[in-house]
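In what follows, chains are A, B, ... by sequence order, proteins preceding strands, each numbered from 1.
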Amino acid sequence: MTGDTNIASVAALLADPTRVNILMALSDGRAFTANELSRLARVAPSTASGHLARLVDADLINVEKQGRHRFFRMKNPALTEVLEELATFAPAHSIHSLREAETGEAVRRARTCYNHVAGKLGVEITRALIRQSLLIELEDGYMLSREGERCFCDLGITEIHARKGQPIFAPRHIDWSERYYHFAGAPGAAFTRRMFELGWIKRIATSRALCVTETGQQALRQHFELQW
DNA sequence: GCGCCCAGTTACGCATTCCC
DNA sequence: GGGAATGCGTAACTGGGCGC
């Protein structure tokens, strides 16, 4: 080992498909019970419990006791970014059922990546914002233009309103499913939160997949000339 | 307070894989 | 081939919520 960090120990934890499934389920920032995570990872509760204990020990996830339930949550959003980056190198899963195919397609189409929209939807929104000169592409991310700030304020994104006048930088994430960038960071999170509040998007059951509502489709068309 | 139900953990045995 | 490591599921146990 070089330096004072043990990358191999974390890599070993990420080398197990069940643990990766659990972490991917937690990657949108929500908390899940051990039982829910065992179902999402398709293993027995005892197996999930063992994996969860190892992830807690490694300080990768937090656990909160609430009555007889224990809620597990990703500790550091940066781990989500690591998983998304790794996913861009990973070969596609082999599909064994129609349900798996549908779930995979839904996640690739639109999902949350910790706190912002990712997948095809995230990439298309980013492209639309650039087309309309609301986002300016930089070398390592994006900058909200004056028009972009106005647009975000008009949509009621209060965080942007509060910082009006200051340059607003949005880091970019490479999207593993689209192999293209989407905007993230505080502007991405604020934009996503507002989309939920306005009823433009909603979650599909317990998965991190999203669907765009009819209101959302109209709004995307109206505000960003984006056909969805 | 007691019994029942349910969520979660622990102990244990089995299967698989890897390394010598 | 055999031992070690790891992951899995079953069964048993623990702890908390809830109704009576």
Test item: side-chain donor near acceptor, A:Ser145 and A:Arg150, under 3.5 Å:
no
Detail all sub-3.5 Å separations between protein N/O atoms and N/O atoms belonging to nucleotides 4-6 of chain B.
residue: B:dC6; atom: O2; partner: A:Arg68; partner atom: NH1; Å: 3.3

To the nearest Å, give me how far apart [atom1] ([X]) and [atom2] ([N]) are.
| X | N | atom1 | atom2 | value |
| --- | --- | --- | --- | --- |
| A:Phe32 | B:dG8 | CZ | C1' | 17 Å |
| A:Leu52 | B:dT10 | CG | C1' | 14 Å |
| A:Phe71 | B:dT9 | CZ | C1' | 17 Å |
| A:Leu13 | C:dT6 | CG | P | 11 Å |

With B for base contact, S for sugar-phosphate-only contact and - for none (protein heavy atoms under 4.0 Å), nucleotides 7-14 of chain C reads SSBB----
Does the Lys NZ or Arg CZ of A:Arg127 fall within the cation-pi geometry relative to A:Tyr180 - under 6.0 Å from the ring centre and within 45° of the axis?
yes
A:Trp200 ring centre to A:Arg194 NZ or CZ under 6.0 Å, with the angle to the axis within 45°?
no
Check whether A:Val43 and A:Ile61 end up in the same hydrophobic cluster, where Ile, Leu, Val, Met, Phe, Trp and Tyr are linked by side-chain heavy atoms less than 4.5 Å apart.
no
Salt-bridge test for A:Arg172 and A:Asp140: reply yes if a basic N is under 4.0 Å from a carboxylate O, no otherwise.
no
Aromatic rings A:His182 and A:His116: how do their planes relate, parallel, tilted or perpendicular, breaks at 30° and 60°?
tilted
Please check the phosphate of C:dG16 (OP1 and OP2 only) for any side-chain N or O of A:Arg70 closer than 4.0 Å.
no
Would you say A:Thr33 reaches B:dG8's phosphate, i.e. side-chain N/O to OP1/OP2 under 4.0 Å?
yes
Between A:Phe71 and A:Phe32, is the gap from one ring center to the other below 6.0 Å?
no
Does the side chain of A:Phe196 come within less than 4.5 Å of A:Thr112's, by heavy atoms?
yes
